[in-house]
Participant: 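Questions regarding the structure given below will be posed in turn.
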Amino acid sequence: MIGRRLHLIHTIQGVRRLLVRNGWSCQVPTRRAVERDDDAVAGWVKEVWHCAEDSPRLVEPGSSSRTKPDSP
């Protein structure tokens, strides 16, 4: 986003330094949401996650150019 908006290139470490220099810090939630259902999360991980993790991604031939779509 920084590159697109400001036309600058920064590494992750450089962005972190800039944010810290300006008084920003990493924000981590201090507590979990009251609505969270740990049993539902555990069930989802057992039933759904392994399917999504193991499934191969479909690769379609295409163009390496982002501005010109592949020609037939």
Side-chain angles (χ1 to χ4, degrees):
M1 183 177 99
I2 292 171
R4 284 190 308 238
R5 302 220 86 213
L6 303 175
H7 306 288
L8 297 172
I9 298 173
H10 286 287
T11 63
I12 294 172
Q13 293 84 7
V15 171
R16 182 183 177 280
R17 285 189 197 117
L18 288 171
L19 293 173
V20 168
R21 188 182 311 156
N22 288 300
W24 291 69
S25 64
C26 295
Q27 296 185 7
V28 179
T30 57
R31 59 186 172 84
R32 289 189 179 201
V34 175
E35 300 86 4
R36 181 180 167 122
D37 184 359
D38 289 326
D39 294 331
V41 171
W44 181 88
V45 169
K46 286 180 184 176
E47 296 172 13
V48 179
W49 178 247
H50 68 86
C51 295
E53 190 174 42
D54 295 338
S55 65
R57 296 191 176 187
L58 300 175
V59 178
E60 296 179 5
S63 174
S64 61
S65 172
R66 289 188 285 173
T67 57
K68 181 181 177 186
D70 59 311
S71 57

Participant: Does the side chain of D38 come within less than 4.5 Å of R32's, by heavy atoms?
Facilitator: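 They are in contact (side-chain heavy atoms under 4.5 Å apart), so the answer is yes.
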
Participant: Got a sec: does the CZ of R36 have more than 12 other heavy atoms crowding it under 6.0 Å?
Facilitator: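 Yes, because the 6.0 Å sphere around CZ of R36 holds more than 12 heavy atoms from other groups.
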
Participant: Say you draw a straight line from CZ of R17 to OG1 of T11; how long is it, rounded to the nearest 0.5 Å?
Facilitator: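 With rounding to 0.5 Å, CZ (R17) is 6.5 Å from OG1 (T11).
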
Participant: Decide yes or no for H10 and L8: does some side-chain heavy atom of the first lie under 4.5 Å from some side-chain heavy atom of the second?
Facilitator: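 In short, these two side chains touch, coming nearer than 4.5 Å.
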
Participant: Mind checking whether W24 and L6 sit in one hydrophobic cluster, side chains of I, L, V, M, F, W, Y counted as touching below 4.5 Å?
Facilitator: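 As far as the 4.5 Å side-chain criterion goes, L6 and W24 are connected within one cluster.
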
